[in-house]
Structures are given as C-alpha cells and as structure tokens.
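This report refers to the structure that appears directly beneath it.
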2 protein chains.
Amino acid sequence: MNDNLAQYIKRYVDISKEEISLFQSYLVSKTFKKKEQLLQSGEICRSRYFITSGCLRLYYIDQKGNDQIIHFGIENWWLTNYDSLLNKIPSHLIIEAVEQTQVLELKEEFVQDIYSKIPQIESVFRVVMERTYIASQRRIEYMFSLSSEEMLKEFVEQNPEFVQRIPQYMLASYLGITPEYLSLLRKKA
Amino acid sequence: MNDNLAQYIKRYVDISKEEISLFQSYLVSKTFKKKEQLLQSGEICRSRYFITSGCLRLYYIDQKGNDQIIHFGIENWWLTNYDSLLNKIPSHLIIEAVEQTQVLELKEEFVQDIYSKIPQIESVFRVVMERTYIASQRRIEYMFSLSSEEMLKEFVEQNPEFVQRIPQYMLASYLGITPEYLSLLRKKA
DNA sequence: TTTTACTTTTGACCATAATAAAAAACAAAA
DNA sequence: TTTTGTTTTTTATTATGGTCAAAAGTAAAA
C-alpha cells in the first residue's frame, strides 16, 4: 500500500508485515486540492493525517481577522489538532492544504482498538508525540531568544527548499510578523 | 510509598497494586533545596522527575546573560528536558528548585525495561506526552495572540495561588518580558 | 540591629515591529 | 491579451516593549 508509512514505522519499532498490513487496513487515502480544508473551525477533530505528498498548514484566525499559522506539515509528518482530537472539544484551528496534498487518514475511533491489537503502534505514537513536543519546545525557545530577523534567517537556512513552496505571507504568519515587515527584512538582508 | 503518583497513574490506566509497586521500585525520592540544580547546563539529562511537593523551573541563560524560563513544574507534574533525555545531547537548559522541592527520580536507563514489563506505564507516558504537548501548543497560541499585558492577566487569573509563590522577576522571565516592564504593567492595572 | 543581598519600582530614551493606505508586481482566467 | 485576483513592496506614522541607571523597598544574615 503505502511504502513511506511502512518505512516510517519500521524506524521506530520491530513489526511484522502482517501487523503493518493490519494497521494500514484502518487507513484511508485522501486527496485535497489547494485551499481545501481537512478540519474546519468549530468542528471536533476526529482524525490524524499522515502526509504522503504535498503540504498542510494548521492555523487560526485571530481577533483582527488575520491568519496565524501554528505550523506546517509536509511529507512523512503526522498532523492533527491534538487538543481537539483528544479532549473532544471544538477546534478553533483549521487544517488546510497549502498545495495539492495526499494524506492517509486515521480515524480516532479506531485508535484504542489498534493500540490493543498492535501495541507497537502505541509505541510509534508515543515516539511521534515525543518528537513533536521537542519540536514545539525548540520553537518556543526560538520565539524567546531570536529577533524576527534572526528567526527568518534561521528558518530559511533550515528549510531552503520549503521556503520556495509557500507564499511569503504564510512564512510571515508562521513567524508571527506582518507580510509588510517580512518584506522589509528581506530588503535589508 | 507515594500515593500521589499511584493516583496519578490510575487516572490513566488499569493497573494492579503489584505493578504499581514494581514501577515504584525504580523510583528514588530526593529532596532539593531552593536554588539547587537537578540538571546543569552542558550535562546530558538522564532522568525524569515527578514532583511530589515544591516547585521547579526549566530555563536557560540567553546571550545577554538573562534567565529565560521555559516552564515551571509543580506538584503532580513530570518534568525533564526531553530533548536532552531522548536525543542524548548536552542540555543548555537548567532544572532548578524554586523552593524546597521533593521529587521521585526515574532514571532513563530503566525506562525501556519498564515499558516491556509494565506496558501500561508506556501508555501513561504517552498520555503525559500528549498533554504536555497540548499545553505547549496552547502556550504558543497565547504568545502569538496575546499582548504581554493580556498574557499577564491570563496567567494571574489561571494561576492565582501560584503567582504568590514565585518572585516577580521569574514571572516576567516566563512571560518573556523584563521585570521593569512587568512592574509597569502591574501599576497600570 | 545593622549590614548585605536580593527584589521591585521609577523615569528618560531607544528599537522593533504594527498599522494604514497605496502602488507595484505577478499569476491566472477569460 | 486584457481583465481580475492575488501577492509583495513602499512609505509614513504609531505603539509596544527594551535598555540603562538609579532609587526604593524587602528580606536575610551577622
């Protein structure tokens, strides 16, 4: 079925072909066009998405009506709104395709069942969670210790190819600055 | 042994008395005096700490020599530097007692062994990780959508008793502002 | 109780980044 | 190819929060 995901799982746990197939039987492949929403504001999030190609963004719309991007997801990343998913509360975050994107959808209703049938999958999700959390902590550190100019420099250096894929106003939103100020910073550099 | 922790675990999984005892046999109770460090800068973090009483802070020292607090830990919280712990890299974060603090130390070297002997403990740590990540995401949202004044108001409202326990300059550090500006904000309100 | 250390406040001045309103550049359709 | 919509740049003005230096207040120790 999907090789990316099988590779991904084998990186973290010992698992048989049969178990991988069983896990994959719970997943549904879906394709979203640019600007289509996988999760809408106000809706309770009921799935996790493994991105096989394309790019998603997780964002909300602030009081002034501007998008604030929390983060992006690209190939071989799991993306969801964990707060809404696990606490079963309506999401104020939106998940949207930045470009045409293919995902494997895992419905949350199956997850406990999967954990009991294939305990290694619970281990995989524990590790995914650990890594996701570490990324989030690093982001908080950057937000504190770097100026916008330094954050931009850092982000472009770390993600040179990705920067090409997204419009500049999305990069500005991710960095927490206005597109106008981003434009000014680029001119400066 | 420690009742807080047993209660904590039972909130998340079905577990027998014997399994809890076995888990607790891996833990060592330690007490730290105010300003004592559980993890020093440059050291690889090798333990997770469950706080039974007192308060810890996780922070780093920035280029200008100022403390930047990433977060606090209080009673019934697990605290560690996951990046250093899991990736086995030297920590630039420091874990320090804000007041006299008692913890249960869990050495990372035992963790895989514990997971295989008591799989429920892996589930507990998965859930801890999920909740910790959600808290981190919420913090990032606050940092983006609230002004310092609003963050202060929010934090004091959500943690009225805790605010009394820590010096103001630590609150300033946590909010990412200078103590001078915090003082000004308090006068304004 | 007096010294010493730590913490908070005050005020003057400066830097970073936001807002607003246009203009320009670019891309996509018709 | 012309229109329309989207994205980026420009400029002027304003607001938020930082820096520095000093004073005042508080707590702890000798």
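A note on names: the letters A, B, ... follow the listed sequences, proteins ahead of strands, and every chain is numbered from 1.
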Can you figure out which of [options] approaches the side chain of [X] most closely?
{"X": "B/Thr178", "options": "D/dG18, C/dT10, C/dA20", "value": "D/dG18"}
{"X": "A/Tyr169", "options": "D/dT8, D/dT19, C/dA17", "value": "D/dT8"}
{"X": "B/Ser183", "options": "C/dA18, C/dT9, D/dT9", "value": "C/dT9"}

Salt-bridge criterion met for A/Glu99 and A/Arg165 (N-O under 4.0 Å):
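Between A/Arg165 and A/Glu99 there is a salt bridge, with a charged N closer than 4.0 Å to a carboxylate O.
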Could you state the atom-to-atom distance from [atom1] of [X] to [atom2] of [N] in whole Å?
{"X": "A/Glu149", "N": "C/dA17", "atom1": "CD", "atom2": "C1'", "answer": "12 Å"}
{"X": "B/Leu152", "N": "C/dT8", "atom1": "CG", "atom2": "P", "answer": "13 Å"}
{"X": "B/Glu180", "N": "D/dA24", "atom1": "CD", "atom2": "P", "answer": "17 Å"}
{"X": "B/Leu182", "N": "D/dG18", "atom1": "CG", "atom2": "C1'", "answer": "14 Å"}
{"X": "A/Asp67", "N": "D/dT6", "atom1": "CG", "atom2": "P", "answer": "13 Å"}

Counting any heavy atom closer than 4.0 Å, what does B/Ser148 reach on the DNA or RNA strands: base, sugar-phosphate only, or nothing?
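If one applies the 4.0 Å heavy-atom cut-off, B/Ser148 turns out to touch the sugar-phosphate alone, with no base involved.
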Under 4.0 angstrom, heavy atoms only, what part of the nucleic acid is A/Lys35 near: base, sugar-phosphate, or nothing?
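Here A/Lys35 touches no strand at all.
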At under 4.0 Å, does any side-chain N or O of [X] touch on OP1 or OP2 of [N]?
{"X": "A/Lys187", "N": "D/dT10", "value": "yes"}
{"X": "B/Tyr181", "N": "D/dG18", "value": "no"}
{"X": "B/Gln168", "N": "C/dT9", "value": "yes"}

Donor-acceptor side-chain pairing of A/Glu96 and A/Tyr59 below 3.5 angstrom:
yes
Does NZ or CZ of A/Arg186 lie under 6.0 Å from the centre of the six-membered ring of A/Tyr181, at an angle within 45° of the ring axis?
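No.
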Are A/Ile44 and A/Ile89 side-chain neighbours, meaning at least one heavy-atom pair lies under 4.5 Å?
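Side chain of A/Ile44 against side chain of A/Ile89, heavy atoms only: no contact under 4.5 Å found.
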Minimum side-chain heavy-atom gap B/Ile94-B/Gln40 below 4.5 Å
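The answer is no, as the side chains (C-beta and beyond) never meet within the 4.5 Å cut-off.
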Judged by each residue's nearest nucleotide on DNA chain C, which is more toward the 5′ side, A/Lys64 or B/Arg186?
B/Arg186
